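When a residue number appears, it is its place in the shown sequence, counting from 1. This is a predicted model, so every value here is computed, not measured.
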Amino acid sequence: MLKWFQLTLGEVSHSSSRLMQDLEILKLMENSKSLALNFPFCTIEPSVGVMTLADEVEWNHSASRDRWLRPARNIVSVSCYLLKLHIKLKMRSMRAYGDEFVVVSVGEQPEVDLTEITINCPDKVGLGCDIARIVFEFGVSITRGDLVTDGRWCFVALWVIPRKSMLPMRWTLMKQRLEEACPSNLPSLLPLPSPPVSLSQRILLLQVSSIDRTGLLNDVSQKLWELEFTIHKVKVSTTPEEKSINFFFISDSRNKLPWRKRGDEVVQQVKELLGTNCSCCDIQQASQELRGLEILPPPAWLTMDLVYDEPPTFEKRRSDSIGIQNVSSATIEVKDDTINSPLHTLLQVTCKRRKGLLYDTLRCVKDLKLQVAHMRIASLEDGNSEISVFFLDCKGRKVTDQASKDNILYSVREAVENPLRIKIITRGVDTELFVSTPIENCGRGRPRVVYDVTLALKLLDVGIFQADIGRHEVDNHKWEVYRFLLSDREDFNLTCTKNRNLIIERVQDMLLG
């Protein structure tokens, strides 16, 4: 009697050392009739084929890529041929036949056409979050994508389009950042990385003194981003003589030592940016006590209402405090999906399409130490995005306990619906803007906050008198709090509720639009 089974094919990755393991998997699949979703064979736009395990094989390939398969005489030759087909499809999708493991295929018109990003590398914990963070940092919108892993090897495909931004789109730099995020424990396939340099050795203190003007902080932030530096902390103050004194605690994303050559490059570029208005620009290695990466107890001005609101309303409209916490409602479920994957638990998020949605979801999944087997994001016709994550717990087991599911549901809902907090508070004659964002368990803050907030204020022609970034622990949660003391104008009174609401709206749109 002929024995049949279905196998789902897609863009996958295999190394030659796994050939025998894959042959055994094929045999197990045939015996157990398991779904292909539970194995590293399936991912994007699957092609379903049916074959016999008899003397001859009949193959019906549903995709338009390949419609051929030679008859085979036994299970081993069939398996070998299928592996060759896997590799052929993978190499074709990657558009590379060498050692390139990150490919960015820019569309003919990048502003209109989708750009395809494909990543094929060894897996690591939190790899999806790291990739989503880099894509978010470069200001591109993900229209659809897939991530598939078997715990050892991972394949990611994303289709993105740049958002409207004043920053130039640097595809080559994004490709480099993605390559740096990929593990390199297979030197035969991946290039050897530069020797790692700890973050504590890379924190530099950049001091800039210049005549104050609207948008100064945003312009310097943009220049540092273009030079591939990350801002960890900022201290800005303005003297009565309208002189702005700025301290930037930064690190080189290129991860190189010694730092002096790169430091001189920063000084030269900043001086050229500010021109004759710049009276001082100097850079040095920050001392241990000034690096500003420690989590500190909350100061007196950091009250609970800056990071939490009282239910049921998330928006407060009082004369002394205006803010917004909930950015959009979402449909979030943590459930079993016995049809698509009986071995995993399914997390499904349906939410209004916005900037950083995939990053916020996977950041929470990473902090909860969940193991992702398959992730898919798709754009729906109603303007929403749908994210499906098949996962296991930190020990590689399916989550069946309802209390654990409820905890995951609560954490993901907080991350998706409340990714940041924005408040404007008046204390006496001072009007302050606060933006609070959660810190990842690994110690990283949310990307682009300084640039996006200062750009929104620059477009509104609102000056910044003082600015500060601090890291604090509130109610057992770690927060990065951005504090901006705003400058009042005669034609834009900051005590006016309408103007304060406008600031909140523009800042939120810039951060999450």
Side-chain angles (χ1 to χ4, degrees), residues 8 10-12 35-40 42-46 117 119 123-136 142-160 181 328 330-354 356-380 384-402 404-419 438 440-441:
T8 302
E11 334 299 358
V12 296
L35 294 174
L37 181 60
N38 301 325
F39 298 91
C42 71
T43 173
I44 309 149
E45 299 176 355
I117 302 173
I119 302 170
D123 194 17
K124 70 173 183 179
V125 176
L127 177 61
C129 174
D130 296 343
I131 292 172
R133 177 188 173 88
I134 294 171
V135 173
F136 172 35
I142 302 174
T143 60
R144 58 191 174 99
D146 269 75
L147 179 150
V148 179
T149 177
D150 63 348
R152 290 168 295 181
W153 201 271
C154 183
F155 181 85
V156 182
L158 301 173
W159 286 264
V160 304
S328 62
T331 302
I332 304 175
E333 296 179 286
V334 178
K335 60 184 180 179
D336 297 329
D337 189 344
T338 56
I339 297 177
N340 291 316
S341 181
L343 301 181
H344 302 93
T345 307
L346 172 62
L347 166 65
Q348 197 160 47
V349 178
T350 304
C351 179
K352 180 180 178 181
R353 193 177 306 129
R354 65 165 174 83
L357 176 60
L358 182 61
Y359 163 71
D360 289 324
T361 303
L362 296 183
R363 170 182 60 82
C364 182
V365 169
K366 178 182 178 181
D367 288 347
L368 291 173
K369 299 180 180 179
L370 303 178
Q371 299 179 15
V372 177
H374 179 218
M375 184 283 302
R376 171 167 291 181
I377 179 172
S379 298
L380 306 180
N384 288 337
S385 291
E386 183 181 75
I387 301 175
S388 300
V389 181
F390 292 88
F391 67 90
L392 301 172
D393 65 11
C394 60
K395 296 182 179 180
R397 301 172 302 191
K398 182 177 180 178
V399 179
T400 57
D401 179 52
Q402 189 59 44
S404 300
K405 291 182 179 180
D406 292 342
N407 179 59
I408 295 171
L409 179 63
Y410 173 79
S411 300
V412 174
R413 186 174 297 279
E414 276 294 299
V416 171
E417 293 188 347
N418 307 305
E440 296 180 31
N441 287 349

Those residues that, when tested against R363, pass side chain to side chain donor-acceptor pair (under 3.5 Å) (two or more places apart): none
With a 4.5 Å cut-off on side-chain heavy atoms, are Q371 and D123 touching? no
Close side-chain approach of T400 to T345, heavy-atom, < 4.5 Å: no
L362 side, atom CG; D367 side, atom CG - distance, nearest 0.5 Å: 11.0 Å
Do side-chain atoms of E417 reach the backbone of A330 as a donor and acceptor pair under 3.5 angstrom? yes
Are the side chain of R353 and the backbone N or O of L380 linked by a donor-acceptor pair below 3.5 Å? yes
Please list, chain by chain and in numerical order, all residues satisfying salt bridge (Lys or Arg N to Asp or Glu O under 4.0 Å) with K124, sequence neighbours excluded. D130
For S404 and V399, the nearest pair of non-hydrogen atoms, with its separation, is CB-CG1, 3.9 Å
Mind running side chain to side chain contact (heavy atoms under 4.5 Å, CB included) on L409 and L347 for me, showing each step along the way? CA-CA 8 Å; L409 179 63; L347 166 65; 5.7 Å; no
Gap between atom CG of L368 and atom CD1 of I408 - 0.5 Å precision: 6.0 Å
What's the separation between atom OG in S388 and atom CE in M375, rounded to the nearest 0.5 Å? 9.5 Å
For F391, which residues count as a ring-ring contact (aromatic ring centres under 6.0 Å, His included) partner, sequence neighbours excluded? none
Compare every heavy atom of A181 with every heavy atom of L127, then report the nearest pair and how far apart it is. CD1-O, 3.7 Å
Mark yes or no for whether D360, through its side chain, and V416, through its backbone, hold a donor-acceptor pair below 3.5 Å. no
Angle class for the H374/F390 ring planes (parallel below 30°, perpendicular above 60°, tilted otherwise)? parallel
Is there a side-chain contact between I117 and I131 in this structure, where contact means two heavy atoms from C-beta onward sitting under 4.5 Å apart? no
At what distance, to the nearest 0.5 angstrom, does OG1 of T361 lie from NZ of K366? 14.5 Å
salt_bridge(K395, D393) N-O dist < 4.0 Å: no
Would you say that N384 contacts K352 through its side chain, given a criterion of any heavy-atom pair below 4.5 Å between the two side chains? yes
Which heavy atom of R354 sits nearest to which heavy atom of A415, and what is that distance? NH2-O, 4.1 Å
For a 4.5 angstrom cut-off between non-hydrogen side-chain atoms, does C154 reach I119? no
Distance check, rounded to the nearest 0.5 Å: D406 atom CG versus R413 atom CZ? 11.0 Å
Mind listing the closest non-hydrogen atom pair of H344 and K398 along with its distance? O-CE, 3.5 Å
Which atom pair, heavy atoms only, marks the closest approach of E440 to C129? OE1-SG, 4.3 Å
Working to the nearest 0.5 angstrom, can you tell me the gap between L357 CG and S385 OG? 5.5 Å
